[in-house]
Every structure is written in C-alpha cells, then in structure tokens.
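A short worksheet on the structure shown next.
The first residue of the sequence shown is numbered 1, and numbering continues consecutively from there. Predicted, not measured: the structure shown is a model, and the values here were computed from it.
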Amino acid sequence: GFLTFSTSLCVENEYSHKCLEIFGESIEGKPIGELLYPDDAQKRDFLAQTIQAVFDEEDEVKVEAILSLLQQEFIIRHKSIQVAYNRIEPNRFMLILTDITDKKNLEINVERERNRLKMIVSVISNSDEFFELLDEYKIFLSHRFGFVNVDHTPFQNLTELYRLIHTYKGLFAQKDFITTPQGLHKVESRFSLWLHDETIS
C-alpha cells in the first residue's frame, strides 16, 4: 500500500487500493497517527514529533537517523504490516505498507520446527537421562502434595516446592524442551510472589 501526507499529518486523497484492504476503510483525511496507533495517544504524539523533526531537518544523514527511531512493524486488523517511511519532498512523506503476515507465520513455523528437532536430537543423544528425568517428574506430579510437611511453616513448604520447580525447569531446559520450561516458569513466578508476601510465615 502507498499513501502520502504533508505537514498536516493527514492522509492525502491519492493512495493505493491496497490501503483500503489494510485499514478496512477509506483513509483520506485521516491522521496517520490515528491509523497506526488507534489506541495509544503517547505513541501518536511521538510519531508526530519525530515526523516534525524530519520536516525541520535538511541533513539527509540526520533524517535517516531520526526515521530509524520510528516503529516499522505493526499489527493492523490482525495482520503484520511493515511500514517504510520516505520523505519525497521537504514537507511531504510517502509511506509504503507491506503485508508480511505470511512471512512472519513462516518464520514462526520454521523456528518451532527448529526447536522441535533440537529437542529430538537432545533426547536421542541422551535417552537414558531423558527417560530418567521424565520418570522422576511424573512421580513428582503424582506425589506433589506429599512435599507439604505439616511440621514446617507455609513459607518453608513453599520454599522447598519453589526449589524443586526451579530445578525441574532447569533440567527440562537443558534437554531443549519447548513448552515445559515455560509452564514451570509461570508456576515458579507465582511461587516467587507468594514467597515475597509478608503475610505468609
């Protein structure tokens, strides 16, 4: 998609049809900040100030440096849109908007497959350690309530469970597991909050 605007920062009347697909509406006369940041006034202000700084600058090297501060990827109507900023006249800008949703999804899938293969290689190369860890973890999950010692304070019991969860998170991360360390990290973070709660003794 192609659109232009000048010092008013409002989209001019000539823009490509692709912009209608991207924004889902006619954008003539719409402030560019509201189109890119419909729910964030602070970012709209930063965009306006940065564009104004470019209008006031004649040195092209400084212009490029200022433009590099602007956000280049947006989520617009559930799609990933890459934005390129070009000053085509001293007081006029052209924005080039490219839908990179498929590219981003492909990158995510490639990374997910890479991580999955890495885990498989790790398991195959140390299968005995892997199954030993898995068995220990299953026992921990099935007997986790047994780790609560009635002779200990809630703080002491939480501390012990926190230590065990932290240990398992590290062991699974060493085996290149993908989701298990993330799940354990969430539990660990919750326990950490509880441990810093002064009402627990």
Quick check on the hydrophobic clustering: are Ile120 and Phe130 connected, directly or via other members, by side-chain heavy-atom contacts under 4.5 Å? no
For Gly1 versus Ser16, what's the shortest heavy-atom pair and its separation? CA-OG, 3.1 Å
Is the shortest heavy-atom distance from the side chain of Met94 to the side chain of Arg87 under 4.5 Å? no
Nearest 0.5 Å, please: how far is CD in Gln72 from CD1 in Ile81? 14.0 Å
Please check if the distance between the ring centroids of Tyr37 and Phe46 is under 6.0 Å. no
At their closest point, which heavy atom of Lys79 faces which heavy atom of Asp99, and how far apart are they? CD-OD2, 3.3 Å
Quick one: do the Gln82 and Thr98 side chains pair a donor with an acceptor below 3.5 Å? no
Phe93 vs Phe5 aromatic rings, parallel, tilted or perpendicular, using cut-offs 30° and 60°? parallel
Heavy atoms of other groups near Glu113 CD, more than 12 under 6.0 Å: yes
Aromatic ring proximity, centroids under 6.0 angstrom, Tyr162 and Phe191: no
Test item: Glu73 and Lys104 side chains (from C-beta on) under 4.5 Å apart, heavy atoms: yes
Do Asp56 and Gln52 meet the criterion of a side-chain donor-acceptor pair at a distance under 3.5 Å? yes
Under the criterion side-chain hydrogen bond (donor to acceptor under 3.5 Å, both in side chains), I'd like the reasoning laid out for Arg112 against Asn115: C-alpha separation, chi angles, the key distance, then a yes or no. CA-CA 5 Å; Arg112 185 183 293 121; Asn115 290 334; over 6 Å; no
Verdict with supporting geometry, Tyr15 and Ser26, side-chain hydrogen bond (donor to acceptor under 3.5 Å, both in side chains): CA-CA 10 Å; Tyr15 55 86; Ser26 172; 3.2 Å; yes
Check whether more than 12 heavy atoms from other residues, nucleotides or ligands sit under 6.0 Å from atom CD of Glu89, and answer yes or no. yes
